[in-house]
Amino acid sequence: MEWLDLPLVRCAAGKVRLPGSKSISNRVLLLSALAEGTTTISNLLESDDTGRMLDALKMLGVAVTRTDEDQYLITGCSGRFSVKEADLFLGNAGTAFRPLTAVLSLMHGHYHLSGVPRMHERPIGDLVDALRQVGAVITYLEREHFPPLEIHPAAIHPADILINGNISSQFLSGLLMALPLAGEPATIIVNGTLISQPYVTLTIAQMAYFGVQVERESWLRFIVPGNQIYHSPGKIVVEGDASSASYFLAAGAIAGGPVRVDGVGRDSCQGDIRFVEALEAMGACIKMGSDWIESSAPGCRSDGKVLKAIDFDCNHIPDAAMTLATTALFAQGTTTLRNIASWRVKETDRITAMSTELRKLGAQVESGDDFLRITPPDDPLVANTVIDTYDDHRMAMCFSLISLGTPVRINDPHCVAKTFPDYFEKFTAITHQ
Ligand SMILES: O=C(O)C1=C[C@@H](OP(=O)(O)O)[C@@H](O)[C@H](O)C1
Ligand SMILES: C=C(OP(=O)(O)O)C(=O)O
């Protein structure tokens, strides 16, 4: 097992240029691949999740050319992949697995989709059920409702489709991106409350960028026109990743600041930008421009807890919400993070993993199906704690913040490659002893 020892750093200040957004990168890659025309994508995130999408698209016959370090040229297939039989390995990338399942179900081909063992524990039954309603033929190769999957050629007849909204919004996003390729219009009806709603807004915005409009009636009904062709917008610059911004902004709020992130700001279409509202509620000073955000700590306290605890509904920011859990250790009082049930089916069971690791540092943690309640210790955080990361990039990045209070060891730091391969270099560059 490899590890990274982070020494105690008392101050965080500086500037970070953010890597491209994972959620935008994988949407834009897929839509460019399906579109008519050639798309130049700049500031594409280079990471494991985007690598899996790029590899899959190449295997499906899409022409992908790398023209610069972070720039790609994608020649779209005008709605039909030329390769009708493929075996695709999609790692642990939800933003690749779920949308590709939907799109490939409409391609009249024979496809095998698999991932890492954890991906085979992440549910996909709601999406498969929805696709079966329009005629898709999909078989589970191991366990019912979970990957790996086999997709068979099928005649698709769009109609009213009912989909559950309470496990992952990626199922609805996948359907929305796929259904315009079907012959007829479709209406998607969401059963229950849709979680992670800003990611669906992001999907609809990216589709509009490629010329396809979805009609949304509240968060309950989505009307998707059929027989559409996505049209390449020509050039796309991927904005910086708002979830990745959260670690640096939290560092500025905890340890002086100012820390400024460049690449995402007030004009962002990513939901995780609203992480700053939680930080502000904790007392942080936030400044924002159209494409930058800066955070600073509210002041100094002798006990090192410069922030105040919050009670926060995190449903709209499921990824950045994890950052609040470790930030809570630098806050006075008990922080409650609510509406986070989806954490249980992500890279790991994040409620259990987070509770376990926070307790190692001396925190009192109470958890339930969909909440976490964190009280920092009265004593200093336990020094030189060894943090397990569960092959979860966000666990590694969240716990780097502990070094702002005490030295910490992060096991398996390379797991950050899922979305942010050079995270620790960038974190080290803004932290000072
Ligand atoms: O659509 C997306 O890009 C994402 C949606 C969210 O997942 P859920 O909808 O499963 O919460 C988020 O956690 C994930 O990292 C990215
Ligand atoms: C949940 C995440 O990823 P995925 O896109 O694989 O769902 C995440 O990045 O935190």
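Atoms within a ligand are numbered from 1 in the order they appear, just like the ligands themselves. Here the structure is a predicted model, which means the values were calculated and not measured.
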Would you say the side-chain atoms of S173 and R98 include a donor-acceptor pair closer than 3.5 Å?
-> no
For atom 1 (O) of ligand 1, the protein heavy atom that lies nearest, with its residue and separation | R27 NH2, 2.7 Å
Before accepting this row, confirm whether a basic side-chain N of the pair K346/E121 lies closer than 4.0 Å to the acidic partner's carboxylate O.
-> no
Contacts of F210 meeting ring pair (Phe, Tyr, Trp, His ring centres under 6.0 Å) (sequence neighbours excluded), chain-then-number -> none
Judging by distance only, is a nitrogen or oxygen of S168 under 3.5 angstrom from one on ligand 1?
-> yes
Less than 4.0 Å between a side-chain N and a carboxylate O, is that true for D370 and R338?
-> no
Taking the side chain as C-beta and beyond, is there a heavy-atom pair between L202 and I204 under 4.5 Å?
-> no
Where does the angle between the aromatic ring planes of H110 and H152 fall among parallel (under 30°), tilted (30 to 60°) and perpendicular (over 60°)?
-> tilted
N/O to N/O below 3.5 Å, does that happen between K22 and ligand 1?
-> yes
Electrostatic pair R17-D262, nearest N-O below 4.0 angstrom = no
Side chains of S355 and T352: is there a donor and an acceptor less than 3.5 Å apart?
-> no
Please check if any side-chain donor atom of R394 sits under 3.5 Å from a side-chain acceptor atom of Y247, or the reverse.
-> yes
Counting only heavy atoms, which portion of S196 has something under 4.0 Å from ligand 1: side chain, backbone, both, or neither?
-> side chain
Around ligand 2, what residues show up once you keep those with a heavy atom under 4.0 Å from it?
-> K22, N92, A93, G94, T95, R122, Q170, D319, K346, E347, R350, H393, R394, K418
Is the closest N or O pair between S173 and ligand 1 shorter than 3.5 Å?
-> no
Closest approach of any protein heavy atom to atom 16 (C) of ligand 1, naming residue and atom = Q170 NE2, 3.4 Å
Counting each atom of ligand 1 from 1 as listed, which ones have a heavy atom of D319 under 4.0 Å away?
-> 12 (C), 13 (O), 14 (C), 15 (O)
Which class fits the ring pair H316 and F312: parallel under 30°, tilted 30 to 60°, perpendicular over 60°?
-> tilted
Just go through K346, R122, Q197 and tell me whose heavy atom is the nearest to atom 8 (P) of ligand 1.
-> K346
To the nearest 0.1 Å, how far is atom 2 (C) of ligand 1 from its closest protein heavy atom, and which atom is that?
-> Y199 CD2, 3.2 Å
Distance to 0.1 Å, residue and atom name: give those for the protein heavy atom nearest to atom 9 (O) of ligand 1.
-> S169 OG, 2.5 Å
